[in-house]
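Protein chains get the first letters and strands the later ones, always in sequence-line order, with residue 1 at the start of each. Remember, it's a predicted structure, so these values are computed and weren't measured experimentally.
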Amino acid sequence: MELSLIALTPFLGAGFVAAISRLGRLHAAWGAGIVTLVALLILLPFIKDAFSGQVLVQSIPWIPLLGMEFAFRLDGLALLFVLLILCIGLLIILYARYYLSERDDMGRFYAYLLMFMGSMLGIATSENIIQLLIFWELTSLSSFLLISYWQMRHESRSGARMALAVTGGGGLALLGGFLLLGEIVGSYNLSDILASGYLIRTHELYLPMLILVLLGAFTKSAQFPFHFWLPNAMAAPTPVSAYLHSATMVKAGVFLLARLFPALSGTSAWFWLVCFTGLVTLVVAAYIAMFKHDLKGLLAYSTISHLGLITLLFGIGTPMAALAGVFHIINHAIFKASLFMAAGIIHHETGTRDMRILRGLWKHMPHTALLAMVAAASMAGVPLFNGFLSKEMFFAETLFVINQPWGWLLPTMATLAGIFAVAYSLRFIHNVFFDGESTDLPKQPHEPPRWMKVPVEILVALCLLVGIFPALTVEPILAAAASSVLQGPVPDHDLAIWHGFNTALFMSITALIGGVIVYLARKPLFSLQERVDSMLDFRALYEFLMEKLFAIADTITHFLNTNSLQRMLFVFMLFVLTLGIYGTMATDGDYGLMGERDILPIDGVSLLIATVLVVAAAATAVMHRRRLISLILLGTVGLGISLIFVKFSAPDLALTQLSVEVVTIVLMLLALYFLPQQSPIESGNWLRSRDALIAATAGGGVTLLVWAVLTRPYESISNYFLENSLPGGGGTNVVNVILVDFRGYDTLGEITVLALAGLGIYAMLEHLKIAGASHDSEGRAWDEDLHPIIMASFTRLLLPLALLVSMFILLRGHNLPGGGFIAGLVTAVALVMQYLANGVIWTQQRLPINMHKVIGYGLLIATCTGLASWIFNYPFLTSAFSHIHWPIIGEFELASAMAFDLGVYLVVVGATLLILVYLGLIHHQSHQMKPRKRIR
Amino acid sequence: MELLIAIIIGVLTACGVYLSLRGRTFPVVLGLTFLSYAVNLFLLVMGRLTIGSPPIISDNAANYADPLPQALVLTAIVISFGMTAFVIILSLKSFLEMGNDQVDGKHRP
């Protein structure tokens with residue numbers, strides 16, 4: 001439980017920070033710092049156990065049905081990452097407080113930063129790999145938000161999008177890989193996965209799984225050929241670059257390699273894929289870094305190169321190489337974060353990051369220059385600095401294949417990359433701080449605020465301490481992390497500066513001397529580079545691919561979507577018919593059309609009503625062009641249907657249908673007033689016959705289907721409802737008890753839909769002004785007598801009675817036909833009558849109720865009734881009821897479901913009236929406007 | 001009686017399909033209304049035809065009509081009203097903005 005808090009605290013803190021940032025600009029920075037310290041405090045009691053090699057696992061049930069747990073794990077490797085994330089995070093928070101300017105929104109920045117911190121901590125401490133993947137994707141998302149922090153800049157937005165596309169795509173591959181891995185092992189828990197290395201490596205799905213997992217790791221850690229997103233992510237504020245894009249997030253990929261090292265490594269596929277990718281990335285990125293004129297661009301490519309180095313080490317796969325990989329993760333995080341911060345200071349104080357402009361800053365900011373020099377020396381691998389130690393181990397490890405054919409290639413390429421690294425480190429220092437005097441800086445440079453340098457100083461001090469006294473400083477955490485990477489004993493290693501004259505030392509010296517020579521010869525190299533620069537542009541390739549992707553999507557959309565509803569509906573109907581006919585034909589066995597159930601006899605009245613209904617329906621279709629008449633015929637059909645409900649023992653449905661029919665017809669009449677009164681003939685004879693054929697086939701099919709079903713016996717699950725309605729739900733009207741009790745949750749959803757429909761209609765009608773027609777379709781003017789006096793008087797008299805009836809229907813609904821839906825509709829009809837008879841304005845003045853609020857209260861009451869059962873420890877929407885005795889009235893039942901039904905009632909009244917009244921208001925306005933000539 | 005109801009549902013479906021294939025919004029809305037009538041009736045009769053025994057518990061009732069399809073259809077009627085209302089207002093809005101009541105929503109005089 002407590003372990004989960006380490007990762008969850010920053011998420012909670014993000015909201016807290018966003019909230020307090022309103023109180024003052026700097027509150028967010030303080031808040032973020034406090035949140036990080038709290039996470040460190042939570043970690044504190046576990047540190048000792050994790051250092052001693054114990055694996056702490058804590059889990060909370062998540063989806064028990066699938067054996068999924070929300071599980072957290074703290075071992076050496078996780079501890080190392082948690083410490084890196086939290087400690088460097090703390091320094092970044094301090095640094096960013098000075099880096100961000102007055103115009104930047106601090107609350108947003110720190111909230112995103114904490115969200116990222118939480119996601120990254122989640123990756124480090126997840127025990128369940130699916131949960132790890134969720135945090136993995138969360139880092140991609142928070143990285144997207146942070147890169148695009150300066151949203152108004154184009155390069156921020158495009159860089160963020162690119163980073164999200166590449167790392168998000170890799171995340172999808174990783175999901176596939178993890179699912180395969182889970183299938184192979186039969187568990188998604190890391191403990192099980194790490195213990196079944198042999199099973200995994202010999203499984204037939206090993207290779208596809210490995211490729212997918214590596215795709216995830218390589219995209220995240222910006223390995224070649226997915227490296228191009230990282231330089232473009234430099235559009236982010238520099239604290240973000242220092243934190244995400246050098247110290248932590250890009251390490252997630254190599255973290256994954258380290259995490260799964262015992263399970264996946266040790267095969268030739270692993271060796272070739274990981275080594276090759278790492279080596280190419282190491283050399284190519286180091287080469288490109290030399291030619292970047294942008295300070296952050298240089299550092300970005302250098303980061304890619306160092307990530308390649310770490311990947312290569314894990315690819316080599318010996319225990320010693322894995323240990324060196326972990327060591328370099330630590331070292332790189334320390335020196336690269338400080339270099340980014342130094343670059344940020346330079347940018348902050350001079351206004352530029354272009355190394356063609358920056359010159360001779362030593363004079364203006366010697367302190368910063370000193371810090372940058374130490375960090376850059378560490379990056380170059382100069383002795384006495386921490387980068388030297390891990391690089392030396394790296395050089396030594398590349399030699400282990402020296403006896404293989406082509407074995408010399410690996411150490412040679414490593415030395416070459418070392419030469420490039422020295423050259424670009426030298427350029428970073430010499431070009432910026434020395435090399436003459438700069439003349440055209442945008443700002444007069446000077447030292448930054450005191451506290452802005454503190455984070456850099458701390459990191460630089462660490463560079464030196466680790467570099468000089470490695471055994472005293474870094475050894476315990478390194479041993480703990482390496483032992484959990486290897487899942488076994490750590491190989492004998494000696495963290496010392498001096499190992500005697502050996503090949504590795506020779507390679508280091510070659511790199512140092514070679515680097516200086518390359519830097520001195522930079523001028524001809526630069527002009528050469530400019531000519532080949534545009535040959536391999538991955539950004540252009542990415543953009544090309546993206547464009548193609550969009551084009552393909554467009555083509556498919558155009559192919560499937562003909563942009564004509566009429567045609568699409570035709571295809572849809574045809575498809576459904578084909579499916580239906582095919583399904584009927586393909587049925588095996590001999591099923592007669594008619595079953596063995598007894599048939600009810602036909603009586604005269606039913607036959608008459610059925611005939612009227614069929615004729616009215618057919619007439620609606622035939623006369624659909626004369627809209628008013630077809631609407632009236634439609635009303636006839638609706639009334640006929642409510643009679644069918646009456647006949648077949650469904651009184652609730654009959655009442656609902658009757659009132660809905662009234663409301664629907666009134667609404668359609670209102671709308672029809674603004675629409676053309678006639679439909680022109682558009683379809684030719686052929687088209688109409690075609691549609692008629694489809695319609696007849698569909699109708700015939702449905703008739704046969706209904707006939708086949710109705711003549712067969714069936715079994716229903718309804719006995720449960722019939723038996724439990726009274727004892728369990730306390731009502732005798734089973735339909736109503738199902739609605740408000742057994743399936744109350746569905747009803748809640750349904751009234752929400754109704755409320756949304758009402759609000760959607762309101763949104764469409766708001767501010768709408770239409771001039772209505774002054775004549776009907778036959779040229780007759782509208783009747784001047786808008787509100788006939790007899791009707792007006794009668795409806796006024798009827799209103800109280802109608803409302804009384806609706807209340808009666810509402811209250812009795814639990815036991816007799818009625819309930820919230822019907823009562824709501826009856827009330828709506830009663831009120832609509834007032835609007836019709838007396839006019840919208842007259843009624844609105846006397847009934848000044850805001851229908852939005854009625855809908856809102858209705859939903860609130862229904863939801864609260866459901867929530868109330870939580871108080872008594874019952875599931876959502878459990879109902880309770882009892883009978884009380886009231887004087888005069890007598891025995892009366894009180895059920896919580898009635899409160900729910902009241903909510904339903906209010907929503908139905910509110911939504912229905914909202915729709916009708918707004919359309920009515922527009923209607924009213926239209927009378928006062930000049931009749932339109934053309935509609936536009 | 002079963003045959004009668006089967007024919008009614010069939011006719012309602014046929015009218016609904018035919019009208020929803022028209023090119024103007026108003027007939028399409030009518031068509032959708034027909035289709036929801038047909039579907040509601042279809043759902044109801046899936047509980048088979050029962051005359052004179054509504055699902056209201058009482059001591060002297062011999063049997064009850066199936067309450068479950070009725071509960072389904074009751075909300076379906078209200079929801080279809082919401083849908084019909086939404087679609088008719090949408091067609092009104094489209095008519096005002098496009099200048100015609102073509103279902104394809106294209107600017108045509």
Side-chain angles (χ1 to χ4, degrees), chain A residues 564-566 569-570 573 599-600 602 610 613-614 617 621 624 627 634 641 648-653 656-657 660 664 667-668 671 674-675 679 682 691-692 695-696 698-699 702-703 706-707 710-711 716 718 721-722 725-726 732-735 738-739 750 753-754 757 760-761 764 821 915 935-936, chain B residues 1-15 17-21 23-24 26-27 30 33 37 41-42 44-46 48-57 64-68 70-71 73-75 77-79 81-82 84-86 88-89 92-93 95-96 99 101 103-104:
Chain A
S564 159
L565 181 73
Q566 207 176 356
L569 269 180
F570 167 69
M573 295 289 183
I599 304 289
L600 292 172
I602 301 178
L613 216 155
V614 167
H624 76 265
R627 294 181 173 181
L634 180 82
I641 285 172
F648 296 117
S649 323
D652 290 273
L653 298 193
T656 317
Q657 176 69 34
V660 159
T664 311
L667 176 72
M668 301 250 254
F674 298 109
L675 289 167
S679 304
E682 282 182 315
D691 292 348
V702 170
T703 303
V706 173
W707 171 250
L710 289 193
T711 50
S716 171
S718 297
F721 298 113
L722 288 167
S725 173
L726 193 55
T732 53
N733 182 4
V734 186
V735 176
I738 292 177
L739 285 176
E750 272 145 358
V753 171
L754 190 66
I761 289 169
M764 283 195 280
F821 279 112
I915 298 166
I935 316 131
R936 252 291 123 147
Chain B
M1 202 61 103
E2 277 82 359
L3 185 65
L4 218 51
I5 210 80
I7 291 173
I8 290 173
I9 298 177
V11 170
L12 290 175
T13 313
C15 294
V17 170
Y18 181 76
L19 287 175
S20 54
L21 289 173
R24 300 282 167 159
F26 196 76
L30 294 188
T33 315
Y37 287 158
L41 270 185
F42 184 85
L44 176 78
V45 302
M46 286 301 104
R48 303 302 185 274
L49 303 185
T50 320
I51 298 175
S53 40
I56 289 165
I57 307 290
Y64 302 108
D66 196 336
L68 199 57
Q70 296 198 13
V73 172
L74 200 151
T75 45
I77 296 174
V78 181
I79 294 279
F81 162 67
T84 310
F86 196 87
I88 190 84
I89 303 295
L92 177 63
K93 187 92 175 168
F95 173 65
L96 293 172
D101 60 347
V103 287
D104 297 347

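Between the side chain of B:Q70 and the main chain of A:S649, a donor-acceptor pair closer than 3.5 Å is present.
Both the backbone and the side chain of B:Y18 come within contact range of chain A, each with at least one heavy atom under 4.5 Å from a heavy atom of that chain. Using a 4.5 Å cut-off between heavy atoms, A:V753 touches chain B through its side chain atoms alone. Looking at B:L19, the atoms closer than 4.5 Å to chain A (heavy atoms on both sides) all sit in the side chain, from C-beta outward. Looking at A:I738, only its side chain comes within 4.5 Å of chain B, counting heavy atoms on both sides. Proximity to chain B (any heavy atom under 4.5 Å) is shown, for A:F570, by both the backbone and the side chain. Looking at B:L12, only its side chain comes within 4.5 Å of chain A, counting heavy atoms on both sides. Contacts of B:L3 with chain A are made by both backbone and side-chain atoms, with heavy-atom separations under 4.5 Å. Only the side chain of A:M573 comes within contact range of chain B, with heavy atoms under 4.5 Å apart. Only the side chain of A:L613 comes within contact range of chain B, with heavy atoms under 4.5 Å apart. Of the two parts of B:L44, only the side chain, counted from C-beta on, holds a non-hydrogen atom closer than 4.5 Å to a non-hydrogen atom of chain A. Both the backbone and the side chain of A:L722 come within less than 4.5 Å of a heavy atom in chain B. With a 4.5 Å cut-off on non-hydrogen atoms, A:I599 touches chain B through its backbone and its side chain both. For chain A, the nearby parts of B:F86 are the backbone and the side chain; heavy atoms of each come within less than 4.5 Å. Residue A:I915 touches chain B through its side chain alone, counting heavy-atom pairs closer than 4.5 Å. Using a 4.5 Å cut-off between heavy atoms, B:T33 touches chain A through its side chain atoms alone.
Residues A:M668 and B:L30 are in side-chain contact: their nearest non-hydrogen atoms beyond the backbone lie under 4.5 Å apart. Taking the side chain as every heavy atom from C-beta outward, B:F26 and A:H624 never approach each other to under 4.5 Å. A heavy-atom distance below 4.5 Å is found between the side chains of B:L74 and A:F821. Counting only heavy atoms from C-beta outward, the side chains of A:F648 and B:T50 never approach each other to under 4.5 Å.
Between A:S718 and B:L68, the shortest heavy-atom distance links the atoms OG-CB, 3.4 Å. In plain terms, the two heavy atoms of A:L710 and B:E2 that are nearest each other are CB-CG, 3.6 Å. A:A621 approaches B:C15 most closely through the heavy-atom pair CB-SG, 4.1 Å. Contact between B:L92 and A:F674 at its shortest, heavy atoms only, is CD1-CB, 3.4 Å.
With sequence neighbours left out, the ring pair (Phe, Tyr, Trp, His ring centres under 6.0 Å) criterion links A:F721 to A:F742.
If you tally non-hydrogen atom pairs under 4.5 Å between each of B:T13, B:I56, B:V103, B:I8 and chain A, the highest count goes to B:I56. Highest contact tally toward chain A, considering only B:I88, B:L4, B:L49, is held by B:L49 [criterion: heavy-atom pairs under 4.5 Å]. Per-residue counts of heavy-atom pairs under 4.5 Å with chain A were compared for B:R48, B:M46, B:R24; the largest is that of B:R48. Considering only heavy-atom pairs separated by less than 4.5 Å from chain B, the leading option among A:T711, A:L726, A:V614 is A:V614. For the options A:T664, A:V702, A:D652, A:L667, heavy-atom pairs under 4.5 Å to chain B are most numerous at A:V702. By number of non-hydrogen pairs under 4.5 angstrom with chain A, the leading residue of B:I9, B:V11, B:I77 is B:I77.
With rounding to the nearest 0.5 Å, the separation of OH in B:Y37 from CG in A:L634 is 4.0 Å. Atom CG of B:L41 is separated from atom CD1 of A:I641 by 5.0 Å, given to the nearest 0.5 angstrom. Put simply, CG on A:L675 and CG on B:L96 are 8.0 Å apart, with the number rounded to the nearest 0.5 Å. B:D66 CG to A:S716 OG: the interatomic distance, rounded to the nearest 0.5 Å, is 3.5 Å. Taking CD1 of B:I89 as the reference point, atom CE of A:M764 lies at 6.5 Å (rounded to 0.5 Å).
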